[in-house]
Every structure is written in structure tokens, then in C-alpha cells.
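Contents: one structure, followed by commentary.
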Amino acid sequence: MKAFPATAVVLLAQLLFVSSVEFVPNLNLHGTTQDATVASLLQNDYRGKPVYRVLFDLVTPEGTTIQSEVRRQYDEFKTLNKKLPWLAVFAGVKPLPAEDSATVAGMNEYLQSIVKNKDLRTTRLMDDFLGINWNCSGVSWFKDTASFMTLLTLTRLPDFIPERPNITLDNVLSDEYPMECFLYMSPFKHNYLDKQSIPAFLHLFDSYTGVMPKFEAAQQHVKDQDVLPPGVTSPIVLPYHYTRVPVHFLPGGYVNGGNVRISYNGRTKFNFLKEDNLRTWFSKLLGHLRPKTILDVGTGNCFSAFVLGEMFPQTDVIGVDLAAPFIRFCRLWKSHRPGGAPNVEFYQDSGERLHFPDGTFDVVNFAYVLHEMPAENAQRVLAEVMRVLKPGGTLNVIEPPYMENPAERLPYVEFNTWGHHWNTTGDHGPEPYLEEYENSFKLPHHMTDMGFKNLTTVGISMFDSIYIAQKP
């Protein structure tokens, strides 16, 4: 009987210790795993299948013990089991229960048989399974050819997708999380000839965008009335291709507001979505100008528009885009910019039929726009730009380089289109319109043929060149 109080004291002390461990969301955790348990089975997660809720204890590099969780489908346990060293069975690892008879207790027993072994518990495989000790810091992405080849060949993608962040309108401007980086990197680490990996990636992409903020408007008498240009009362007409064959694998294309967040994350990857780069090059190429009006066509996540507005605080800067959700995002971001970007406005509009009078703008800017449409649409857009530019006005275009050498052009097109023309069936590549951009549109030649003068080409990388010219 005397032992009972002592046992109770020990149990109470353990409970107090557990309760004192801080629970931290598993969004970018680093440290050493101490334990992991299967706590429960949830009917589904954002990917649409049942998931086991795995709790784990972690000691951070600062020496703090925290608790977090990750949610794993049964198939992910199968992958873990398959990738364990073949000698794991001799280390006491129990067989993985069959899916149709698996229970929380049985799955926990299996996981415990792994984590009780320190050599297995602290492997990179278990880090990946728990979604820890990995992010995109240090990845140079598309800075130059060397960086891209490093991404393709040396940069490691975890064996398991990290835990999904809960993105809302309140934190949509936050830095990229490991799960989002995983998603962005995945198509570059998959073999597009592997017909099984493509649907799996697209399902994951669609599942992610399905739970992102949609940037929708309340019910309106006129569709997207809240973002139409002043004086416009009819909906903006979307070109045929715009939703038929989206770029970058975006589910539903840019009109799907769930794609706003992943596109915003491009700001750490592409040279001319980085505000510092934009500021440097705009200063070199446009800094001598004193424009009264600037138009940013295809403003997207509005990186260029904000930089131009800050560079020219006395200038009226207007960003337009076909995608109404992106315009709403830009207006939200504007409210969070230092100073509120008072000289920058955003509207939904079509580059093929701009709702501005002739000769309105001193400068028109594009950043990664014209290669995302068929050649005939790109030609109509440039014709509209010529119309709305003032005589002597400047056109600044940032696009993939036009490859003059056919021997260079062919592999460049094939890599980006996966060998499919945009208006045919099949698994289109990340840039389905690049074939027409390179072989039909031929940007610098078309600018010259239109009558733009003083054309200057600045080659930056295999992903971007700058073409700058003036209207006569």
C-alpha cells in the first residue's frame, strides 16, 4: 500500500512534464526526433483519403523539446516500410499491418518499433516521414543555367510531402512553407515520361489549390464588377485559350483564385518576380525617364507594378490582368504595402482590348506574359500596346529569350512543351505556348516589324531576356 502514493507521484510528474511540452505546428521544424506515435485515424485530409495522425516529440537545435504532428495516408506508411533498410527487421521493426485490417493500435505498434531504434529514428527517411529538417533555403531556382541544373540534378526532394500550412487571407502574404516549396519543386524532379507520376502530382496540386483562399467577390449583378476599369459595365471577355490550356500546370488556370498563393511564391524563384532585381533593372533601363503614366500588362501578383510605383512616386501606375482573383489579391497586398502604394491601381482588363484611349501611357511593361498565349493573341496584345503608348513612349518586355539558332530553339521548346502543341490533347508541359512564342511570334522580330524603334535586347539567362524599344 505504501508504494501506491509513490507511483501516483511519478505518474503526476510525467503528466506535468508532458503538459509542459509546447505544441508547435509542423510548418518548418528542425531538430532531432525523440518519439513518435500514431494517435488517431481521421476520415480524410485535403488530399481526400483517410490519414493517420502522427504525434512526435522533437528537440530543437536550441535544446527545447516540442511536440508536433503530421498526417500520413496508409500508402505513405507503405512507402516508409519499403524504403527502410532491409536489415531493419533484425533491428526489431515489426511488419506493417495490412491496409484492410490496420488499426490505430497496430499502426502505432509498427511506428514505435521503428522509433525505439535511435539509428532508424534519426535517419533522413524518418525526418522526411515526419516532415521536418527540410526547406528551400539556399535553392537558387532559375537564376541561371547552373542553378537550374543544380535544381534538376542535385537538389533533394523529400520522400514525403511536408505538412500543409493553413493559408488564409490573414497570412496569404507570409513566406513560403516547406510543403509549398515541395509542390513547386515536384514537377522538376519527376520524369514526365512516367505516366503514373503526372496524375499523382496534378492531384496533389489540385488538392492544395482547393483549400487556398479563392479571392472571390460577393454576388454581383455584373460578373467581377468590383475589379472592372472605370466606366466599364460589361464583363471582360476571356480569350479561348485562357482557361482551355493553363500554363504551369495551374488547375483551372489563373481564373482559379486558389492559384494566387502558389503564384505569389514565385517571387523567390524567377529573376523578374524578385523585387530587388526588378528595382535594379528598372533603374538601369527606365530610371532616366520622367513618365506621368505607366501600364503594367498581365500584372499577375503585381511585383512589377509595385516596384514601378515606388520608383516613380509621382507617376500613375496601373496594373491590369485578365484574372479577377489576382486583381483582388493585388488590392489586398496594396493595403499592406508600406505607405499603401497610393499611386498604384489595379483593374481586370484584357491586353487584347484595353479600355484606355489612344496615347495614354508613357511606359508599358510586361513581365512573363507574352509567352503564355498563342502567337496570334500575343500579336493582338502588342498592337494594343502600340495604340495606348504615347508617341516616343517606351515598351519594356521581360520574357523568355527568343532563340535565334534553330538548333538551340528545338530542345528549348521540347523541354517546355513536352512535345505537344497547345491545342492538341495530351499532357502539356509547363509552358504549352512556347512553341508558338519561339517559332511563330518571334518577339524581337515582331517588335521591329510593328515599327518599334531603338530595340535593345539584354540577355539575362536561359529563362529571361529584356526587350526595350520606343514607339515612333
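Everything quoted here is computed from the prediction, not taken from an experiment.
In this structure, F148 and F142 have tilted ring planes: the angle between them lies in the 30° to 60° band. Between W333 and F303, the angle of the ring planes goes over 60°, which puts this pair in the perpendicular group of the 30/60° scheme. Under the 30°/60° scheme for interplanar angles, the aromatic rings of F249 and W418 are found to be tilted.
V307 has its side chain out of reach of S304: every pair of non-hydrogen atoms, C-beta onward, lies at least 4.5 Å apart. No side-chain heavy atom of E436 sits under 4.5 Å from any side-chain heavy atom of M373. A heavy-atom distance below 4.5 Å is found between the side chains of T150 and T155. Counting heavy atoms from C-beta on, the side chains of P199 and H203 never come closer than 4.5 Å. Contact of the V381 side chain with the V369 side chain is not registered, since no non-hydrogen atoms from C-beta on lie closer than 4.5 Å. Within the 4.5 Å cutoff, no side-chain heavy atoms of H421 are placed close to those of H428. Using a 4.5 Å heavy-atom cutoff, the side chains of W134 and R124 are not in contact. With a 4.5 Å cut-off on side-chain heavy atoms, P50 and Q73 do not count as touching.
We find the CD-CD1 distance between Q112 and I114 to be 10.0 Å, quoted to the nearest 0.5 Å. Annotation: the span from L58 atom CG to T33 atom OG1 amounts to 5.5 Å, rounded to 0.5 Å. Taking CG of N108 as the start and OG1 of T37 as the end, the distance is 5.5 Å to the nearest 0.5 Å.
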- Please assess T299 against D296 for the test side-chain hydrogen bond (donor to acceptor under 3.5 Å, both in side chains), listing each intermediate value before the final yes or no. CA-CA 6 Å; T299 195; D296 186 41; 2.8 Å; yes
- Could you go through the ring-ring contact (aromatic ring centres under 6.0 Å, His included) check for F361 and F356 one step at a time? CA-CA 9 Å; F361 298 97; F356 300 100; 5.1 Å; yes
- Query: Can I318 and I294 be said to form a side-chain contact (heavy atoms from CB on, under 4.5 Å), step by step?
  - Reply: CA-CA 6 Å; I318 296 176; I294 296 177; over 6 Å; no
- Between L273 and Y264, is a side-chain contact (heavy atoms from CB on, under 4.5 Å) present by the stated rule, with each step listed? CA-CA 9 Å; L273 300 185; Y264 172 72; over 6 Å; no
- Task: Before giving the answer on ring-ring contact (aromatic ring centres under 6.0 Å, His included), spell out for F306 and F346 the whole-Å C-alpha distance, their side-chain angles and the decisive distance to 0.1 Å.
- Result: CA-CA 10 Å; F306 283 132; F346 298 100; 5.3 Å; yes
- Stepwise side-chain contact (heavy atoms from CB on, under 4.5 Å) check, L370 with V397: CA-CA 9 Å; L370 296 170; V397 183; 4.0 Å; yes
- Task: Please step through side-chain contact (heavy atoms from CB on, under 4.5 Å) for the pair L354 and V320, ending with a clear verdict.
- Result: CA-CA 9 Å; L354 293 164; V320 297; 4.2 Å; yes
- Query: Stepwise, does the side-chain hydrogen bond (donor to acceptor under 3.5 Å, both in side chains) test hold for E180 with Y208?
  - Reply: CA-CA 9 Å; E180 297 174 304; Y208 164 83; 2.6 Å; yes
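Of the possible polar contacts, one joining the K214 side chain to the M212 backbone as a donor-acceptor pair under 3.5 Å is found. No side-chain donor-acceptor contact under 3.5 Å links N343 to the backbone of D316. Side chain of T168 to backbone of D170: a donor-acceptor contact under 3.5 angstrom is found. Side-chain N or O atoms of K189 include one that pairs as donor or acceptor with a backbone N or O of L151 at under 3.5 Å. In terms of modelled atom types and a separation under 3.5 Å, the side chain of Q314 and the main chain of F312 share no donor-acceptor contact.
Salt bridge status for D321 with R328: absent, with no side-chain N to carboxylate O gap under 4.0 Å. Ion pairing between D128 and K83 fails under the 4.0 Å rule for side-chain N and carboxylate O. Residues E384 and R380 are not paired through a salt bridge, judged by the lack of any N-O separation under 4.0 Å between the basic side chain and the carboxylate. Salt bridge E176/R261: absent, no basic N to carboxylate O contact under 4.0 Å. For D276 and R267, the salt-bridge test fails: no basic side-chain N is under 4.0 Å from an acidic carboxylate O. Ion pairing of R47 with E76 is present here, as a side-chain N (NZ or NE/NH1/NH2) and a carboxylate O approach within less than 4.0 Å. Ion pair E345/R331 not flagged as a salt bridge, since none of the NZ, NE, NH1 or NH2 atoms sits closer than 4.0 Å to an Asp/Glu carboxylate oxygen.
Taking the six-membered ring for Trp, Y74 and Y52 have ring centres at least 6.0 Å apart. Remark: aromatic rings of F441 and Y402 are distant, center separation not under 6.0 Å.
Seen from the ring of Y46, R164 counts as a face-on cation partner, given the 6.0 Å and 45° thresholds.
With hydrogens and angles left out, the side-chain atoms of E431 and H248 include a donor and acceptor closer than 3.5 Å. In summary, the side chains of D144 and S147 do present a donor paired with an acceptor at a separation below 3.5 Å, with no hydrogens or angles considered. In the model, E435 has no side-chain atom that pairs as donor or acceptor with a side-chain atom of W422 under 3.5 Å. When only modelled atom types and interatomic distance are considered, E62 and T64 share no side-chain donor-acceptor pair under 3.5 Å. Checking Y433 against N377 by side-chain atom types alone, no donor-acceptor pair falls below 3.5 Å. Side chains of S174 and N171: no donor on one and acceptor on the other come within 3.5 Å. A side-chain donor from one of Y110 and N81 sits under 3.5 Å from a side-chain acceptor of the other.
With E163 as the fixed residue, the side chain to side chain contact (heavy atoms under 4.5 Å, CB included) test singles out one of N26, L29, I132, N28: N26. Residue Y254 is tested with F326, F215, F329 for a ring pair (Phe, Tyr, Trp, His ring centres under 6.0 Å); the sole match is F326. Paired with W141 under the rule ring pair (Phe, Tyr, Trp, His ring centres under 6.0 Å), one option of Y184, F270, F463 passes, and it is Y184.
Other residues, nucleotides and ligands contribute more than 12 heavy atoms inside 6.0 Å of the CZ atom of R387. Counting non-hydrogen atoms of neighbouring residues, nucleotides and ligands closer than 6.0 angstrom, the NZ atom of K143 reaches no more than 12 such neighbours.
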